[in-house]
Each structure stands twice: as C-alpha cells, then as structure tokens.
Amino acid sequence: MEGITNSRLPKPFFVNHDSLFLASALIGKTLVRQFEDGHRIRSRITETEAYLGVEDLASHARRGRTPRTEVMYAEGGQVYVYLIYGIHWLLNIVTGAEESPQAVLIRGLEHCSGPGRVGKWLKMDSSFYGEPLDTSNRIWVEDSSISGEIITTARIGVDFAGPIWKNKPWRFVLRPKQKSR
DNA sequence: CAGAAGATCGGG
DNA sequence: CCGATCTTCTGC
C-alpha cells in the first residue's frame with residue numbers, strides 16, 4: 001500500500017498548526033483505532049472540516065468556553081467528541097496552541113463516509129473526550145500519504161452560522177485517482 | 001426549569 | 001421530507 005509508514009504523529013504536529021492547515025494536512029493520514037481485544041481498524045482520512053475559534057460562528061467555540069468546548073481550549077492533539085441529534089458521536093481532533101479553541105472534524109475515511117458513520121464504525125463515545133492522540137492505546141493517527149486531488153467546498157450542515165461563515169471553503173475532500181479507461 | 005436546536009442518517 | 005433521540009445552552 002502506498003504511503004504507509006507506521007509512525008504515530010507526535011503532539012507538535014497538532015499543536016504547531018491551525019485547524020485550517022491541519023484539515024488539509026490530515027487528508028491521507030491513517031487513523032488507527034485499537035479495541036480492547038487488540039483488534040485494529042486502520043483507514044486513511046479522506047474528508048475533514050476545519051473549525052476556527054470563537055469568531056467562527058459555525059464552531060461550537062462561538063459561545064466561548066463551556067463544559068463541552070473546554071477541550072477545544074486545550075493543547076492540540078486531543079480528541080473532541082460530542083453527541084449530535086441524540087444519535088451520532090462525531091470525532092474531532094483538537095488543534096493549535098492552548099487557549100486557541102480549534103478543531104478538525106473527521107467526516108470520512110477510506111472505508112467509511114460520513115461523520116456519524118465514522119463515529120459508529122470506530123465506536124466513539126463520551127469516554128474519548130480529551131483522549132490524547134500521542135499516547136493513547138485506543139486511537140491515534142499515523143503518518144501516511146495518498147495520491148489524489150484535494151477538493152475544497154463549504155462546510156456541511158452549518159446554515160445556522162450565516163452566509164459569511166457557512167460559505168467558508170473549509171471542507172476538504174480527497175478525490176480518488178481517476179480510473180483509466 | 002422548560003424549551004429549542006443541533007458540525008446526521010436512513011427510511012418512505 | 002421527516003423522525004429519531006438526548007445533550008447543551010438559552011432565556012424566563
């Protein structure tokens with residue numbers, strides 16, 4: 001398989017960049033989930049969205065510091081999970097320095113498309129809130145690459161944020177290599 | 001403390 | 001297009 005190197009991405013990778021950079025940089029990286037019985041799911045990230053701080057009216061951080069957004073204010077490299085519509089656990093990765101509330105939403109993997117489906121497939125739940133990606137034995141990200149063009153579009157499901165923020169091209173999707181014909 | 005809304009998905 | 005299903009935040 002192309003681009004698999006088996007090296008876990010270290011904390012600085014998540015701390016030293018903002019979510020806009022990391023949302024695209026995480027495309028092609030390998031998400032690894034290890035279950036209690038040792039079984040692992042490995043799948044490369046194919047779709048992300050960036051959420052940028054308190055001024056971003058589409059972000060949960062728009063209302064400032066609350067119990068839920070607390071982890072977004074922490075140093076990058078931790079997991080932010082939350083329950084949406086009472087049904088789906090959405091997986092996010094906190095990015096940037098401490099006191100900078102940003103995160104990247106993982107919307108799709110090679111083998112699983114859609115943020116709700118990703119959470120279900122990886123068996124996310126509230127216990128992953130604040131999980132450190134640099135030391136966890138349950139979830140982490142490994143360096144890898146994948147070929148293909150990265151497309152940007154507006155973020156999904158954020159109409160409530162108003163035209164300015166809803167139209168930011170902060171969704172990143174990997175377009176698979178064209179098949180020859 | 002009640003009420004509304006939500007970074008979604010699947011079924012009709 | 002609508003219902004599911006429950007946490008979070010707001011406003012009274």
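In what follows, chains are A, B, ... by sequence order, proteins preceding strands, each numbered from 1. Computed from a predicted model, the values in this text were never measured in an experiment.
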Legend entry - Derivation and outcome, side chain to side chain contact (heavy atoms under 4.5 Å, CB included), residues A:Val71 and A:Tyr129: CA-CA 8 Å; A:Val71 75; A:Tyr129 186 90; 3.5 Å; yes
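- Using a cut-off of 4.0 Å between Lys/Arg side-chain N and Asp/Glu carboxylate O, A:Lys168 and A:Glu49 are scored as not salt-bridged.
- The backbone N or O of A:Lys29 lies less than 3.5 Å from no partner atom in the side chain of A:Glu142, so there is not a single donor-acceptor pair.
- Consecutive pairing runs in DNA chain B reach the stem threshold at B:1-6 with C:6-11, B:8-11 with C:1-4, where a stem means at least three Watson-Crick or G-U wobble pairs with distances under 3.5 Å.
- Taking the P atom of each, C:dT5 and B:dA2 are spaced 22 Å apart, rounded to whole Å.
- The two atoms that bring A:Phe14 and A:Gly77 nearest to each other are CB-N, 3.3 Å, heavy atoms only.
- Cluster annotation: A:Val118 is not connected to A:Ile156 through the hydrophobic network of ILVMFWY side chains, with a link wherever side-chain heavy atoms come within less than 4.5 Å.
- For the pair A:Arg138 and A:Phe35, the cation-pi test (distance below 6.0 Å, angle within 45°) is failed.
- Straight-line distance between the C1' atoms of B:dA5 and C:dC2: roughly 16 Å, to the nearest whole Å.
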Can you tabulate the close N/O pairs, meaning under 3.5 Å, that link protein atoms to atoms of nucleotides 3-8 of chain B?
from, atom 1, to, atom 2, distance (Å)
B:dA7, OP1, A:His60, NE2, 2.5
B:dA7, N9, A:Tyr82, OH, 3.2
B:dA7, N7, A:His60, NE2, 3.1
B:dA7, N1, A:Asn92, OD1, 2.6
B:dA7, N3, A:Tyr82, OH, 3.3
B:dT8, OP1, A:Arg107, NH1, 3.2
B:dT8, O3', A:Gly116, N, 3.3
B:dT8, O2, A:His88, NE2, 2.8

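- No option in A:Ser144, A:Ser7, A:Ser145 other than A:Ser144 meets the side-chain hydrogen bond (donor to acceptor under 3.5 Å, both in side chains) test with A:Thr30.
- Ring pair A:Trp121/A:His111 is tilted by interplanar angle, where 30° to 60° counts as tilted.
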